Amino acid sequence: METEDRKTHFIESIISEDIQNNKNNGAVVTRFPPEPNGYLHIGHAKSICLNFNMANRFNGRCNLRFDDSNPAKEKQVYIDSIQSAVHWLGFEFGTPFYASDYFDRLHDFAVELIKKGKAYVCSLSADQIREYRGTLTEPGKDSPYRNRSIEENLDLFDRMKKGEFEEGEHTLRAKIDMQSPNINMRDPIIYRVKKAPHPRTGDKWCIYPMYDFTHCLSDALEGITHSLCSLEFEDHRPLYDWILDQLDTPCHPQQIEFARMNINYTVLSKRKLQRLVEENHVDGWDDPRLPTLEGMRRRGYTPEAIRRFCDIIGVSKKDSRIDMGLLESCLRDDLNERAPRVMGVLKPLKITIENYPDDLTEELTAKNHPQNDDMGTRTLTFSKNIYVEQDDFMEDPPKKFFRLGPGREVRLRYAYLITCTDVVKDETGRVIELICTYDPQTKGGNAPDGRKVKGTIHWVNANDCIDANVRLYDRLFKDENPEKDKQDFIENLNPESLEELENCKLEKSLENILPEKAVQFERLGYFCLDSKASSKTGSEQNPVFNRTVTLRDTWAKMKGRH
RNA sequence: UGGGGCGUCGUCAAGCGGUAAGACACAGGGUUUUGAUCCCUGCAUUCAGAGGUUCGAAUCCUCUCGCCCCAGCCA
């Protein structure tokens, strides 16, 4: 199980050590703190798994906390989506927490800071603040408002709160050190006026706390012991600690940073994903080509595969670009075990078995899983007219091609050995039908005379199969690094990332399959019924299946070599 | 050229002074009614580089090089 072979990493080591030293009385409390301003993606899954796994591993708990301190960007739909995604991934979080629930206390902490002379109301404009901040190589200089009296600061802050000022007129700043080589310590803004209604607090507030002020205090209020975040916050840690050191808080959590995930052939940033959606390069946030959790779910990814992937990639502080192949490998591993096998033909080629009785229909038994008998069997029907895959026939096949060709014999999976006797073409010379003979002695697929047939192909009975549309996906970008040579990643989109096939034929047993339920179309890959297309369309429309991932294909690899 | 971080196989990643795990990928081979699965085998004399300490260094010290992050009233 994943809990057993999950590898230990530096964060787990730190926590273990803390427990041994009885730090926090041995408690472990983590949190996953998304801002509800977009949808979750596989990168978030890494953080979710890390936080929940650490909590579970050490008998602690992990809070889902919405970091909702910027009402200009946050929406209830995201809150809902995030909760359902975390749930789908397989984690229990009880009632979610919200930074906005702490707005009163955060305000009081700010007042406390002012009273201690550690914060002041600054009346510089945004541009001025930027100027005064200095640059990476030059120190900043003190704001002229830095030494306002505590009384004046208290009064001004109170009036900010009451809405007496417009956005940008005043800010509340921590009084730290404008000379600091760490820009985050140059009197960072901790409260700003923002006259926007909040999804949860409505119009109660017109001042909102900034991330640096909100996060550490929210952590402290929730009794978080280990606050895990990504590397770009490493520079903020001194500020995180500074704020908690000034105030009387329930505890002082330890911030630990780790590297965020990158995967080749895709992008993992809300900003870029948003652009793909808004410019209609993809069809919404749940487009199956996207690495969003909703997109992956619709594509057919299982939570188990994603969790496994997150365990396998580990946690470190090194910048990385993980091979998409690893994700797919985890997916196949999981799907191979859980997906029942069925047959479907994507690009049908009609076959007439000339020596098969005209109106006979036979029933054949097929295993639902070659290695797992517990998954049972199903009945397939067979008749004179069937469909096979166009790719499984070559008029002039090379020596290593084990499938159909003129005069060649192949096995129809679970059915009969057939031999191609004639090829029917249309006026343009395209092959439109194969005439074959079958060997009645080979029912089930074995020849009594023991003759070996190298190729086994899938097929579907033309008389009772289901018509379907199938969407095949390829990587979203052409280059493994979509921003290679500093080009706009949009330029790198793979124009062939989606292929929709409209005349597919599937075996009858797929008639009532549920959306998202994984099946393997033998020899073609893993598929699932699309949850969106199938629910919104009328009964007229064919069902739509998504290919989740192909099977490993060494034949394609061999072909590619020559 | 300020501050913070990182550099171990093509890609992730163990390793914490005692002589380079594992996974994916790749390459061979076996089994197979999915060219799938499964099973074998191979795949870093070397840890960004150079010095040094040590009986012994990927691990300690010094210097050099490379990459990433930070100048939102975003998180």
Side-chain angles (χ1 to χ4, degrees), chain A residues 5 7-9 13 33-35 37 67-70 72-74 122 124-126 129-131 133-140 167-173 180-186 188-194 208 210-212 214-215 229-238 257 259 261 264 270 312-330 332-333 336-337 341 343 366-367 369-371 400-403 410-415 417 444-446 453-458 480 520-525 550-559:
Chain A
D5 62 5
K7 41 185 157 185
T8 63
H9 43 69
S13 305
E35 182 191 13
N37 68 343
D67 217 338
D68 55 350
S69 58
N70 184 359
K73 295 186 174 177
E74 297 146 8
C122 181
L124 251 23
S125 70
I129 285 183
R130 192 179 315 118
E131 275 174 45
R133 185 154 37 217
T135 68
L136 294 179
T137 52
E138 302 161 291
E167 293 185 13
E169 276 189 71
H170 306 284
T171 55
L172 183 68
R173 295 229 252 166
S180 174
N182 179 345
I183 291 182
N184 296 300
M185 299 299 270
R186 316 233 264 232
I189 293 169
I190 57 178
Y191 259 94
R192 78 289 214 188
V193 174
K194 189 154 279 210
Y208 292 94
M210 297 286 287
Y211 165 84
D212 286 304
T214 309
H215 205 90
C229 64
S230 45
L231 248 29
E232 66 266 32
F233 292 104
E234 212 148 16
D235 285 347
H236 294 243
R237 183 161 19 108
E257 310 83 9
M261 171 195 296
N264 61 13
K270 275 185 195 170
I312 277 184
I313 60 169
V315 179
S316 75
K317 299 186 72 158
K318 191 174 71 175
D319 290 322
S320 65
R321 185 183 297 281
I322 297 157
D323 192 341
M324 175 72 83
L326 182 56
L327 211 208
E328 293 181 339
S329 163
C330 293
R332 289 192 184 101
D333 255 11
N336 176 48
E337 278 187 36
R341 314 289 125 124
M343 289 196 284
K367 297 175 84 167
H369 191 110
Q371 279 86 230
K400 285 288 189 58
F401 186 80
F402 304 145
R403 290 111 92 154
V410 297
R411 175 184 298 110
L412 293 176
R413 176 123 223 203
Y414 297 122
L417 264 33
N446 287 311
V453 180
K454 196 82 165 130
T456 299
I457 66 174
H458 59 278
E480 69 167 286
Q520 183 195 104
F521 290 3
E522 293 210 30
R523 305 210 306 135
L524 297 173
T550 62
L551 258 27
R552 184 180 285 117
D553 191 349
T554 52
W555 167 245
K557 208 182 289 172
M558 282 169 69
K559 280 194 302 184

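Atom set for the values below is all heavy atoms of this structure, side chains included, hydrogens, waters and symmetry mates excluded. None of the values given here were measured: they were computed from a predicted structure.
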Item to check | Which residue lies more 5' along RNA chain B, comparing A/Gln371 with A/Ile322 via nearest heavy atoms | outcome: A/Ile322
Item to check | Of A/Ala556 and A/Leu327, the one whose closest RNA chain B nucleotide lies more 5' | outcome: A/Leu327
What's the [atom1]-[atom2] distance between [X] and [N], to the nearest Å?
X: A/Asn336; N: B/rU32; atom1: CG; atom2: P; result: 18 Å
X: A/Arg321; N: B/rA13; atom1: CZ; atom2: P; result: 13 Å
X: A/Glu257; N: B/rC6; atom1: CD; atom2: P; result: 10 Å
X: A/Ile312; N: B/rA14; atom1: CD1; atom2: P; result: 13 Å
X: A/Met261; N: B/rU11; atom1: CE; atom2: P; result: 18 Å
X: A/Met558; N: B/rG35; atom1: CE; atom2: P; result: 12 Å
X: A/Arg403; N: B/rU34; atom1: CZ; atom2: C1'; result: 11 Å
X: A/Leu551; N: B/rU37; atom1: CG; atom2: P; result: 7 Å

Whole-angstrom distance between [N] and [M], as gauged at atom [atom1]:
N: B/rG28; M: B/rC43; atom1: P; answer: 15 Å
N: B/rA44; M: B/rG7; atom1: C1'; answer: 16 Å
N: B/rU8; M: B/rA58; atom1: P; answer: 15 Å
N: B/rU1; M: B/rC61; atom1: P; answer: 23 Å
N: B/rA50; M: B/rA57; atom1: P; answer: 14 Å
N: B/rA25; M: B/rA36; atom1: P; answer: 13 Å
N: B/rC6; M: B/rA48; atom1: C1'; answer: 11 Å
N: B/rA21; M: B/rU46; atom1: C1'; answer: 15 Å

Next on the checklist: Classify A/Phe521 by what it touches in the nucleic acid, base, sugar-phosphate, or nothing, heavy-atom distance under 4.0 Å.
Outcome noted: nothing
Checklist entry - What does A/Val410 touch in the nucleic acid at a heavy-atom separation under 4.0 angstrom: a base, only the sugar-phosphate, or nothing? => result nothing
If pairing requires Watson-Crick or G-U wobble contacts with both distances under 3.5 Å, which nucleotide is the partner of [N]?
N: B/rC74; answer: none
N: B/rC26; answer: B/rG42
N: B/rC9; answer: none
N: B/rG35; answer: none
N: B/rC16; answer: none

Checklist entry - Does the pair A/Lys73 and A/Glu35 meet the rule for a salt bridge (Lys or Arg N to Asp or Glu O under 4.0 Å), with working shown? => result CA-CA 9 Å; A/Lys73 295 186 174 177; A/Glu35 182 191 13; 5.9 Å; no
Next on the checklist: Just to verify, what does A/Asp67 make a side chain to side chain donor-acceptor pair (under 3.5 Å) with, not counting sequence neighbours?
Outcome noted: A/His215
Next on the checklist: Using the side chain to side chain donor-acceptor pair (under 3.5 Å) criterion, which residues pair with A/Asn264? Sequence neighbours excluded.
Outcome noted: none
Any N/O pairs under 3.5 Å between the protein and nucleotides 25-29 of chain B? List them or say none.
{"unit_1": "B/rA25", "atom_1": "OP1", "unit_2": "A/Arg552", "atom_2": "NH2", "d": "3.2"}
{"unit_1": "B/rC26", "atom_1": "OP1", "unit_2": "A/Lys557", "atom_2": "NZ", "d": "3.1"}
{"unit_1": "B/rC26", "atom_1": "OP2", "unit_2": "A/Lys557", "atom_2": "NZ", "d": "3.3"}

Checklist entry - In chain order, what residues pass the side-chain contact (heavy atoms from CB on, under 4.5 Å) check against A/Lys318, with sequence neighbours excluded? => result A/Ser316
Between [X] and [Y], is any pair of side-chain heavy atoms under 4.5 Å apart?
X: A/Arg332; Y: A/Thr550; answer: yes
X: A/Asn37; Y: A/Asn70; answer: no
X: A/Lys367; Y: A/Arg341; answer: no
X: A/Ile190; Y: A/Asp212; answer: no
X: A/Arg237; Y: A/Phe233; answer: no
X: A/Glu131; Y: A/Leu124; answer: no
X: A/Thr171; Y: A/Met210; answer: no
X: A/Ile457; Y: A/Leu412; answer: yes

Checklist entry - What's the base orientation of B/rG18: syn (chi within 90° of 0) or anti? => result anti
Item to check | Below 4.0 Å: OP1/OP2 of B/rU1 and any side-chain N or O of A/Thr137 | outcome: no
Next on the checklist: Does a side-chain N or O of A/Thr8 approach OP1 or OP2 of B/rA14 to a distance below 4.0 Å, or not?
Outcome noted: no
Just the atom pairs and distances: protein N or O near nucleotides 58-60 of chain B's N or O, under 3.5 Å.
none

Next on the checklist: Please determine whether any donor N or O and acceptor N or O are separated by less than 3.5 Å between the side chain of A/Gln520 and the base of B/rU34.
Outcome noted: yes
Item to check | Per-nucleotide protein contact string for nucleotides 67-75 of chain B (B base, S sugar-phosphate only, - none; heavy atom under 4.0 Å) | outcome: -SBBBSBSB
Checklist entry - Got a donor-acceptor contact below 3.5 angstrom from the A/Arg192 side chain to the A/Tyr208 backbone? => result yes
Item to check | Exceeds 12 heavy-atom contacts within 6.0 angstrom, atom CD of A/Glu169 | outcome: yes
